[in-house]
Amino acid sequence: MDIIIGTSLLILVLAIFTLFNYKAPYGAKAMGALAAAACASFLVEAFQDSFFGKVLGFQFLSEVGGANGSLSGVAAAILVAIAVGVTPGYAVLIGLSVSGMGIIPGFISGYLVSFLIKWMEKHIPGGLDLIAIIIIGAPLTRLLAKIMSPIIEKTLLTIGEILTSTAHSSPIIMGIILGGTIVVVATAPLSSMALTAMLGLTGVPMAIGALSVFGSSFMNAILFHKLKLGERKDNIAFAIEPLTQADVTSANPIPIYVTNFFGGAACGILIALMGLVNGTPGTATPIAGFAVMFAYNPATKVLVTALGCIILSLIAGYIGGIVFKNHKLITKQELQAMDK
């Protein structure tokens, strides 16, 4: 029952963010800002703190990673405000007010208040708008973040705790669900780093997220190539960071999402059976996700599992390329031609 509840809540969260991405004003740009905030905070933390700090022992770099990781809410609020169209200086003004808050409260409060800030910039005379934003905008942004934080954190952490606990009782099922879902999220306009950080995933679930996404780079490279969705540079970009080709993914959701789910699920099963763990939330990213695994597991075990994920992912990508070769596809070049 717990696994059903946890999975259902996870799907609900993903559905809400997907709906927001496509239907909310500036939704796609806002979700892009959320992904960028995750890179600026969690990705730096994963590299500098978890890998260079914990694995290689560089204390200063660990401090750098910790500093970036602690400001995820600030980064999200600033970047989403800029994405909505707020003047950068005012975006920083309201963004700094959510210091100490998580990435999602910062993101939501920054998004909502941005529309008020834009109205102030347009209708209040120059100079006075700054005073108004200082007096109203900054406190309102933090107030909204404080109100939302307990609800958001409790909901997301509950999902994370359920998934973490069920990973031990049903590792294969959890490998399928988490491996498939997180890899699909990594190719969607959402962010796998943001999702796993929001859920506070650690242990086996976070290991599944990290190495499944690592394997997906090889899967997406061969899938993109076989389906001829773009030029070589697009292929490389998609393999390294799928978010760079979000327009191609959105135009071809069935072949990309289906292939990624099955490839991610296969990797998830392998990782769960190998019993690898990852103590750093938010590291569902190809390079850092692989690197940080050495901080919590024997090197040989990580390398063997990673090699297995590469093989499974290549097979999934190759099969996906064959299955969907006659599917109606829209290439990168066709999308660029539509924009002209």
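Residue indices begin at 1 and follow the sequence shown. What you see below is based on every heavy atom in this structure, not just the backbone, and it leaves out hydrogens, waters and symmetry mates. Please read these numbers as outputs of a predicted model, since none were measured by experiment.
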Looking at Ser109 and Pro105, what are the two nearest heavy atoms and their distance?
OG-O, 2.8 Å
Got a sec, which residues hit side chain to side chain contact (heavy atoms under 4.5 Å, CB included) with Leu227, two or more places apart in sequence or on another chain?
Leu223, Leu229, Pro255, Phe324, Leu329
Point-to-point distance, once rounded to the nearest 0.5 Å, from CG of Asp129 to CD1 of Ile124
6.5 Å
Here the gap from Leu93 atom CG to Leu130 atom CG, rounded to the nearest 0.5 Å, amounts to 6.5 Å
Begin with the C-alpha distance, continue with both residues' side-chain angles, and end with the deciding distance and a verdict on side chain to side chain contact (heavy atoms under 4.5 Å, CB included) for Leu144 and Ile108.
CA-CA 8 Å; Leu144 290 174; Ile108 297 176; over 6 Å; no
Which pair of heavy atoms, one from Thr259 and one from Gly317, lies closest together, and at what distance?
CG2-CA, 4.1 Å
When you look at Ile208 and Ile182, which way does the side chain to side chain contact (heavy atoms under 4.5 Å, CB included) test go after all the steps?
CA-CA 9 Å; Ile208 291 172; Ile182 292 175; 5.6 Å; no
Would you compute the distance between atom CG of Asn278 and atom OG1 of Thr202 and round it to the nearest 0.5 angstrom?
8.5 Å
Who are the ring pair (Phe, Tyr, Trp, His ring centres under 6.0 Å) partners of Phe294, not counting sequence neighbours?
Phe290
Quick one: side chain to side chain donor-acceptor pair (under 3.5 Å) partners of Lys146, sequence neighbours excluded?
none
In one Ile/Leu/Val/Met/Phe/Trp/Tyr side-chain cluster, 4.5 Å: Ile315, Val323
yes
Determine, stepwise, if the pair Met120 / Leu128 fulfils side chain to side chain contact (heavy atoms under 4.5 Å, CB included).
CA-CA 9 Å; Met120 289 180 171; Leu128 292 178; over 6 Å; no
Check the pair Leu61, Asp49 against side chain to side chain contact (heavy atoms under 4.5 Å, CB included), reporting the backbone distance first and the verdict last.
CA-CA 6 Å; Leu61 297 181; Asp49 183 23; over 6 Å; no
To the nearest 0.5 Å, tell me how far Ile256 CD1 sits from Met219 CE.
11.0 Å
Table please: side-chain donor-acceptor pairs of residues 68-80 below 3.5 Å, with sequence neighbours left out.
from: Asn68; atom 1: ND2; to: Ala40; atom 2: O; distance (Å): 2.9
from: Ser70; atom 1: OG; to: Gly66; atom 2: O; distance (Å): 3.3
from: Ser70; atom 1: OG; to: Ala67; atom 2: O; distance (Å): 2.8

For a quick test of reading the model, state the closest non-hydrogen atom pair linking Ala316 to Gly263 and the distance between them.
CB-CA, 3.6 Å
Could you work out, with side chain to side chain donor-acceptor pair (under 3.5 Å) as the rule, every residue matching Tyr111, not counting sequence neighbours?
none
What residues form a side chain to side chain contact (heavy atoms under 4.5 Å, CB included) with Ile287, not counting sequence neighbours?
Phe47
Among residues at least two apart in sequence or on other chains, which ones pass side chain to side chain donor-acceptor pair (under 3.5 Å) with Asn297?
none
Considering all heavy atoms of both residues, which atom of Ala138 and which atom of Ile94 are nearest to each other, and what is their separation?
N-CG2, 4.2 Å
Could you grab the distance from atom CD1 of Ile310 to atom CG of Leu211, nearest 0.5 Å is fine?
9.5 Å
Hey, is the main chain of Ser99 close enough, under 3.5 Å, to the side chain of Arg142 for a donor-acceptor pair?
yes
Hphob cluster co-occupancy, Ile147 + Val98, side-chain heavy atoms under 4.5 angstrom:
no
List for me each residue that meets side chain to side chain contact (heavy atoms under 4.5 Å, CB included) alongside Pro286, sequence neighbours excluded, and say none if there are none.
Val213, Ser217
Is any side-chain heavy atom of Ser216 less than 4.5 Å from a side-chain heavy atom of Ser313?
no
Can you tell if the side chain of Tyr90 reaches within under 4.5 Å of the side chain of Thr87, non-hydrogen atoms only?
yes
Under 4.5 Å between any side-chain heavy atoms of Leu116 and Leu140, yes or no?
yes
In terms of hydrophobic clustering (I, L, V, M, F, W, Y; side-chain heavy atoms under 4.5 Å; direct or indirect links), are Phe214 and Met293 co-clustered?
yes
Test: ring pair (Phe, Tyr, Trp, His ring centres under 6.0 Å). Region: residues 119-149. Which pairs qualify, not counting sequence neighbours?
Trp119-His123
Applying side chain to side chain donor-acceptor pair (under 3.5 Å), name anything that partners Tyr318, two or more places apart in sequence or on another chain.
none
If hydrophobic clusters are built by linking Ile, Leu, Val, Met, Phe, Trp and Tyr wherever their side-chain heavy atoms come under 4.5 Å apart, do Leu303 and Phe218 end up in the same one?
yes
Not counting sequence neighbours, which residues clear side chain to side chain contact (heavy atoms under 4.5 Å, CB included) with Ile135? List them please.
Ile131
Is the backbone of Gly209 close enough, under 3.5 Å, to the side chain of Ser212 for a donor and an acceptor to pair up by distance?
no
Following the transitive rule for hydrophobic clusters with a side-chain heavy-atom cut-off under 4.5 Å over Ile, Leu, Val, Met, Phe, Trp and Tyr, establish whether Leu112 and Ile134 coincide in one cluster.
yes
When you measure from the side chain of Thr181 to the backbone N and O of Leu178, does any donor-acceptor pair fall under 3.5 Å?
no
Evaluate the side-chain proximity of Thr305 to Leu270: yes if any heavy-atom separation is below 4.5 Å, no if none is.
yes
If only side-chain N and O atoms count, and only distance matters, is there a donor-acceptor pair under 3.5 Å linking Gln48 with Ser62?
no
Distance check, rounded to the nearest 0.5 Å: Ile319 atom CD1 versus Ile222 atom CD1?
10.0 Å
Under 3.5 Å, which donor-acceptor pairs do the side chains of residues 24-37 form with other protein atoms, sequence neighbours left out?
from: Tyr26; atom 1: OH; to: Lys118; atom 2: NZ; distance (Å): 3.0

May I ask you to check whether over 12 heavy atoms, not counting those of Ile254, lie within 6.0 Å of atom CD1?
no
Main-chain N/O of Lys325 paired with Lys226 side-chain donor or acceptor, under 3.5 Å:
no
